[in-house]
There are 2 protein chains.
Amino acid sequence: MTMNLKTLAQELGLSQTTVSRALNGYPEVNEATRQRVQQAAARYNYRPNSRAKGLATGRAMMIGHVIPASTRHEMVNPVFGDFVGGASDAYARHNFDMMFTRVADGNDESTYRELKAKRAVDGVIIQGPLVNDARIPLLNALDLPFVVHGRSSGIDEPYSWVDVNNKRSFQRATEFLLDLGHTRIGLINGLEHMDFAQRRRDGYLAALKARGIPTDPALMRSNEMTEVFGHHQTRHMLQLDAPPTAILTSSMISAIGVRRAIEEAGLKMGRDISIITHDDELSYLKNGQDVPIFTATRSSVWKAGEIAAEMLLSQINEPANVPQTRLLEAELVVGRSTGPAPQG
Amino acid sequence: MTMNLKTLAQELGLSQTTVSRALNGYPEVNEATRQRVQQAAARYNYRPNSRAKGLATGRAMMIGHVIPASTRHEMVNPVFGDFVGGASDAYARHNFDMMFTRVADGNDESTYRELKAKRAVDGVIIQGPLVNDARIPLLNALDLPFVVHGRSSGIDEPYSWVDVNNKRSFQRATEFLLDLGHTRIGLINGLEHMDFAQRRRDGYLAALKARGIPTDPALMRSNEMTEVFGHHQTRHMLQLDAPPTAILTSSMISAIGVRRAIEEAGLKMGRDISIITHDDELSYLKNGQDVPIFTATRSSVWKAGEIAAEMLLSQINEPANVPQTRLLEAELVVGRSTGPAPQG
DNA sequence: TTGAAAGCGTTACCAG
DNA sequence: CTGGTAACGCTTTCAA
């Protein structure tokens, strides 16, 4: 048997009401009484039953993260872990908890509906948005607060998001390789229906176009970002008549496979071929300026998680408070769509 | 306003009791009534409010995973993601949810106490056990059901665990390298207070000893399993007067750094040096037998997550049901400690 | 086979 | 400043 409000109140010779008020910081309680109550609560290690509290207040103090089963590898992607780490720090500050639901493919509509109907969460974070992601209209219709990590092209409803500037960073990375003299640059990208993959490709193409370098479809691959595919795609590219002299990879995990394929081909890194990866903390000197290349570094993704969580909580706490699109620290971008959204 | 039991019952002209019984599969309800109720529930997309249900039943239908902040890199370790993936599959089958709590270092005692006092979860999974891990006696004292992913040497209380055979796999891997003719084998291990790291080292040492190969402390490193440290440690080992000709790595993530250091040293993989990594799906022919080397492959870790979750749920549902130590599929081991535990 | 009513442990309203 | 009491939405006994 564990302590509850009723017995704690009896123990103190007070009413449940007063004890509850003392513990929840209501002003109208006598300071001496409050002290007494707090001490007793500490002594008995009393914590309000979260389900009872939730029932009474109508708030779950819980945020849901729904993970499609298809993206089994997603959980392994460092971006996932870092984002979630940052978010959970923010939740902890506000005494919220974080709930994960893995969902079979194609089943996410019913999952969100259920989350809403069961009142299991006060809001959700959407990870890995697709192009024209159906979850966004769904959640708007369900009136379940949410924030998207990333953006979804093709959606014209309002929604809040936090993203890195994928287009700009891939454009920069490509320019960097061009500056080094490479003209055949391979792109190992994520799946094309993922929104970020399109933005990254756009950046890559824009850089090539600006220099008048022809694009070669054989150098542009897209698939799940796993070691196996990184390896596979690289092997094929290296067998081309005119293989790439540099490779741009979308994730640290696929880069493992890329490097293995390069090893196996007997090529020497840095001499025969160069590779750079989206998670790298890289910058380079250009016109006397230190220019960062990638924006999805481990720490900025962590930060993105924190910001997304804070946005969601503020949306939940004061629904009137609609976030504005703005730039954060030059690298992170947050926004409310259907406003004047920053490009990239 | 969303549908609840009361209005659903009114809509049907039935009592809440009957509706509840019909929906929860109680036998004493008229089949025609049940049909009618189920259809109405589906039509209104009714789901019982999980907090109200939890209050009434005394069960949270939620499992907690507590993640120490120190292991920030842990969330990035594929082992973490795969284990959690498997576990959440199992939870989904039983309609349980999964809650994550990140906790500042040294604060985990109060976190577990709070989880218990708030009745937020029905049980917890312990990840990354240390040698003589204090969480085990704590949770036993709190009477909060738990299952450990891994084991904790030095604990003599009973507890349930699921583990791979770390010792045997590192012993095998070392033997494999010895069979290839290597005599200077570097070990890049996890932090030594982590229980698994000790077991792995033991396996490595046992293999060397069996062949009479002297051990060299300079070849045995242990640290967090990150790219940075993998790189760092490898660089140092390669600068030795007698550098290793093979390296055994504890994780795919640190292996990234290992490979980079080897590249930078201008060595050619497979000719100058070989590396194998604990996550590799490797096997080799020995005496005409195909012998698997490592046991912590991605898929077996996934499976371990499923098994751990199932053990925990069965412990929660029928506390009398104490799991027995046993071998699963030759590679996974589950158990109840203070029984005759399998070695390794 | 069905229903009324008493919890489950809080919060919040309304009196005093 | 404090207390009584009615929600919150469900399950579960006890009666019918």
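Remember, it's a predicted structure, so these values are computed and weren't measured experimentally. Protein chains get the first letters and strands the later ones, always in sequence-line order, with residue 1 at the start of each.
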For the residue pair B:I316 and B:H94, establish whether any side-chain heavy-atom pair is separated by less than 4.5 Å.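 They are not in contact (no side-chain heavy atoms under 4.5 Å apart), so the answer is no.
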Quick one: are B:L12 and B:V37 in side-chain contact, heavy atoms under 4.5 Å?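 The answer is yes, as the side chains (C-beta and beyond) meet within the 4.5 Å cut-off.
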Considering only heavy atoms, which members of residues 27-38 of chain A lie under 4.0 Å from some atom of DNA chain D?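 Listed by number, they are A:E28, A:V29, A:N30, A:T33.
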Let me know the distance between CG of B:L14 and C1' of C:dA4, rounded to the nearest Å.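 In whole Å, C:dA4 C1' and B:L14 CG are 14 Å from each other.
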Is a donor on one side and an acceptor on the other found under 3.5 Å between the side chain of A:K53 and the backbone of A:P48?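 Answer holds: no.
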Test side chain to side chain contact (heavy atoms under 4.5 Å, CB included) on B:Q127 and B:V84; report intermediate values, then the result. CA-CA 10 Å; B:Q127 320 250 27; B:V84 160; 3.9 Å; yes
Cationic N near anionic O, under 4.0 Å, B:R34 to B:E31: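 Salt bridge: yes.
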CG on B:L312 to CZ on B:F96, rounded to 0.5 Å: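 The distance works out to 8.0 Å.
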Atom OG1 of B:T101 and atom CD of B:E114: how far apart are they, to the nearest 0.5 Å?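 It comes to 9.0 Å.
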Does the side chain of B:N317 pick up a donor-acceptor pair with the side chain of B:S314 at under 3.5 Å?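 Their side chains do not contain a donor-acceptor pair, so the 3.5 Å distance test is not met.
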Answer yes or no: does a side-chain N or O of A:T18 lie under 4.0 Å from OP1 or OP2 of D:dG3?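 Looking at the OP1 and OP2 atoms of D:dG3, one of them is under 4.0 Å from a side-chain N or O of A:T18.
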Assign a letter to each nucleotide of nucleotides 6-16 of chain D from its 5' end: B, base within under 4.0 Å of a protein heavy atom; S, sugar-phosphate only; -, no contact. --BBBBBB---
